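Structure first, commentary second.
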Amino acid sequence: MWGICSRMVKAGVAKPGGLVKPCHLVKPVSATRITGRYLTHQKGLPTLPVPPLHQTFERYITALEPIVEVDELMHTKELVNDFQKPGGVGEKLQRGLERRAQNAENWLSEWWVQVAYLDYRLPVVIHSSPGLVLPRMNFSDKQGQIRFAAKLIAGVLEFKTMIDNETIPVEYLGGKPLCMNQYYEVLSSCRIPGLKRDAVVNHAKSSRPPKHITVVHNFQFFMLDVYNRDGTPLTTEQLCVQLERICDASLTPSAEPVGILTTQHRDTWGKTYADLIKDRTNKESVLAIQRSIFTLCLDGPMPQVPEDAYRSCAAVQMLHGGGSLWNSGNRWFDKTLQFIVGEDGTCGANYEHAPAEGPPIVALIDHVVEYTRKPEMVHSPTVPLATPQKLHFNITPEIKKDIEEAKQKMNELANDLDMRVIVFSHFGKNIAKAHKMSPDAFIQVALQLAYYRMYQHCCATYESASLRMFRLGRTDTIRSASSASAAFVKSFDDPNKQNTEKVDLLEKAVVAHRSYTNLAISGQAIDRHLLGLKMQAAEEKISIPDVFKDPSYAKALHYRLSTSQVPSKTDCVMCFGPVVPNGYGVCYNPMNDHINFAVSSFNGCQETNAADLAQAMESALVDMRTLLEQTPRAKL
Ligand code: COA
């Protein structure tokens, strides 16, 4: 049975019960942070606004137009009018939100982490945690795997120094400085399963921050100190020696891949976790993983696939490990950051989404990839190093049963996921720019066209927009299906329409998308505000207003297209699963002259097919360019 899904929750479908009480393990993110330039920067950022009530509902009605029926829209308009009437519940909730905004660093962020992530009970694997596929690296054996992994660790430690020294260059979007908090949340942190709600702990902020990483090889976990006594990071040579020791100590797969437990439904894992850590050894081993700076997964092989399927297979490896017979047990999916290195040059990462979005993770990975490409400085190890410590687990028959169940569930999940990674090589951002259009909007409009060609209707579409212009900002939703995009996609294959008219409609659709993006990144989109009003109702113990029980609202949140742009300097692509059973997950990295796409769907759904959508995307992009090139513009 399908429960609530990640991006549905993100948009506010989750039950708001118990939202107001912050979990004790989730520290208010900036409260314990260091002083200095980070704090000065953060303090200078504006706080997230609460948009005007009428503005949001006017835009809500507009956003519904392309995706609901006329009679549904009429009904929604009545509910909206009722909700907004003077002295009514809408105004009351709005005032409550405005009060909250005056007293919080960010009125949304704590709610958001709870509702979108920690209260979300489907497995994090596929449903919430993205994978990231890097270009295939230049090695193809164990030696190469170890050497590359050693360099990767050294690269992350170099980045960590920048985090520790607060010297990460401030990022900008549209000329405005961004909140840098997420960089301080991704290392030394971990999700902890609970019986009803999870938590995240960040050990970087503890009085004794961790100095070790965890390495997992053949399903066995090791604790590896990555700093010398004098505080200097281990060199690549030292790390190679240590990784070799780990591999030698774990030559055959362990009997019990305990890490696979982290792939379970969160309630199930929460219960098993409570049992697991009753044993002292287990508790210490789990704590060592949770406290570690990050986890490095030295993977075993994946199924052999033809070369043209390599990237899709690598995406599967990063997203879920391929199932219990392959690498799904070679993970701790609760860990915020896991780097994954195979023996065949495959590498990438998987990250638990609660503490951060893709862009800071990708910035870290860009740095690491750059680091691994630098010529190696040869340092010989100075002092003998302590043997990496194996983390032991005592497995009771009950836990063994849970592991078997987790394997089975993971395999079902893995079999259900269809993942296609394609490199669209005809053009990249360059063509849209040459036509004076926003590349992101161009791609999103192409996706609308692809979907319409397949299904002859438009669907609610989610694109992540960054709210990092605001202190502790996370994301809002760009609703890519607009009346303008609907007009364009309906006209595109209509033989009765002139090309000039189609170009005009294309331009309008692209401009509409870019305008919505501008609204979203400046805190004036609708979805987080609607969520906030609903949460405020729960906070004030007011029954959920009808406008949120309306079928149109449910339709608006049923994202058959869940999409995100995650750009990077490295030629990589992020990937994630669909958020509804009959939907698609689409992540893309637009480079200058090509675009990497990762498209996912569920095999269990007869209506969807990742390869078909990927193919339709390619055709839509090519056809849109052809249209632009074949149609003289009215005015140049
Ligand atoms: N003519 C010519 N060039 C244009 C243009 C136009 N009309 N409009 C935009 N461009 C240029 C931009 O200047 C930019 O140039 P650059 O490559 O030199 O930087 C480039 O095209 C890209 O702009 P655009 O395609 O409009 O997108 P964007 O970079 O502004 O990104 C979002 C849009 C929505 C992706 C971004 O605002 C965002 O929010 N990103 C975060 C998403 C996120 O968090 N994802 C992860 C979720 S896990």
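Numbers for residues simply follow the sequence, beginning at 1. These values consider heavy atoms only, across backbone and side chains, with no hydrogens, waters or symmetry-generated copies. All values derive from a computational prediction rather than experimental measurement.
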Check [X] against [Y] and note the closest heavy-atom contact, atom names and distance.
X	Y	result
Y559	V579	O-CG2, 3.6 Å
L472	S109	O-CB, 3.5 Å
N415	N603	O-ND2, 2.8 Å
P359	V566	N-CG1, 4.4 Å
G323	N411	CA-OD1, 3.3 Å
P578	G583	CB-O, 3.4 Å

Query raised in the report: Taking the six-membered ring for Trp, are Y183 and F159 parallel (under 30°), tilted (30 to 60°) or perpendicular (over 60°)?
Result: tilted

Taking the side chain as C-beta and beyond, is there a heavy-atom pair between [X] and [Y] under 4.5 Å?
X	Y	value
L122	S128	no
Y120	R266	no
N327	M302	yes
E105	Q42	no
L276	W269	yes
M574	S564	no

Query raised in the report: Would you say the side chains of T262 and D334 form a donor-acceptor pair under 3.5 Å?
Result: no

Query - Residues T214 and R291: side-chain donor-acceptor under 3.5 angstrom - result: no

Above 12 or not: heavy atoms from other molecules or residues under 6.0 Å from [atom1] of [X]?
X	atom1	value
K390	NZ	yes
E158	CD	yes
K569	NZ	no
K211	NZ	yes

When you measure from the side chain of [X] to the backbone N and O of [Y], does any donor-acceptor pair fall under 3.5 Å?
X	Y	value
S189	N202	no
N330	F219	yes
Q220	N218	yes
S328	H320	yes
S285	H392	yes
E256	K400	no
H212	A288	yes
N282	I277	no
N106	R471	yes
Q242	A386	yes

Approximate separation, where rounding is to 0.5 Å, of [X] [atom1] and [Y] [atom2]:
X	Y	atom1	atom2	result
S464	F576	OG	CZ	6.5 Å
L298	E343	CG	CD	9.0 Å
I153	C240	CD1	SG	8.5 Å
I365	L134	CD1	CG	6.0 Å
E398	T396	CD	OG1	4.5 Å
T235	K151	OG1	NZ	13.0 Å

With sequence neighbours excluded, residues passing side chain to side chain contact (heavy atoms under 4.5 Å, CB included) with [X]:
X	answer
P123	V125, H127, L413
D267	R121, H265
Q408	E412
D344	R136, Y310, T346

Taking only residues two or more places apart in sequence, or in another chain, which ones meet [X] in a salt bridge (Lys or Arg N to Asp or Glu O under 4.0 Å)?
X	result
K409	none
D299	R331
K278	D275
D225	none

Go through the structure and list residues passing ring pair (Phe, Tyr, Trp, His ring centres under 6.0 Å) with [X], not counting sequence neighbours.
X	result
F139	F148
W107	none
Y351	H353

Query raised in the report: Could you walk me through whether I192 and Y273 pass the side-chain contact (heavy atoms from CB on, under 4.5 Å) check?
Result: CA-CA 9 Å; I192 318 282; Y273 178 80; 3.5 Å; yes

**Report entry** Full working for side-chain hydrogen bond (donor to acceptor under 3.5 Å, both in side chains) between T232 and N228
**Finding:** CA-CA 5 Å; T232 54; N228 289 299; 3.2 Å; yes

Query raised in the report: Going through the checks in order, is the side-chain contact (heavy atoms from CB on, under 4.5 Å) test met by R468 and E171?
Result: CA-CA 10 Å; R468 284 176 59 207; E171 293 165 336; 2.7 Å; yes

Requested in this report: Go through the steps for R528 and T475 under the test side-chain contact (heavy atoms from CB on, under 4.5 Å), then give the verdict.
Outcome: CA-CA 8 Å; R528 300 303 181 265; T475 57; 3.2 Å; yes

Carboxylate-amine/guanidinium contact [X] [Y], below 4.0 Å:
X	Y	result
K401	E405	no
R37	E166	no
R147	E244	no

Requested in this report: Would you check, one step at a time, whether the test side-chain contact (heavy atoms from CB on, under 4.5 Å) holds for F294 with T336?
Outcome: CA-CA 7 Å; F294 61 90; T336 305; over 6 Å; no

Query - Residue pairs fulfilling salt bridge (Lys or Arg N to Asp or Glu O under 4.0 Å) with at least one residue in residues 350-370, sequence neighbours excluded - result: R191-E352, E357-R474

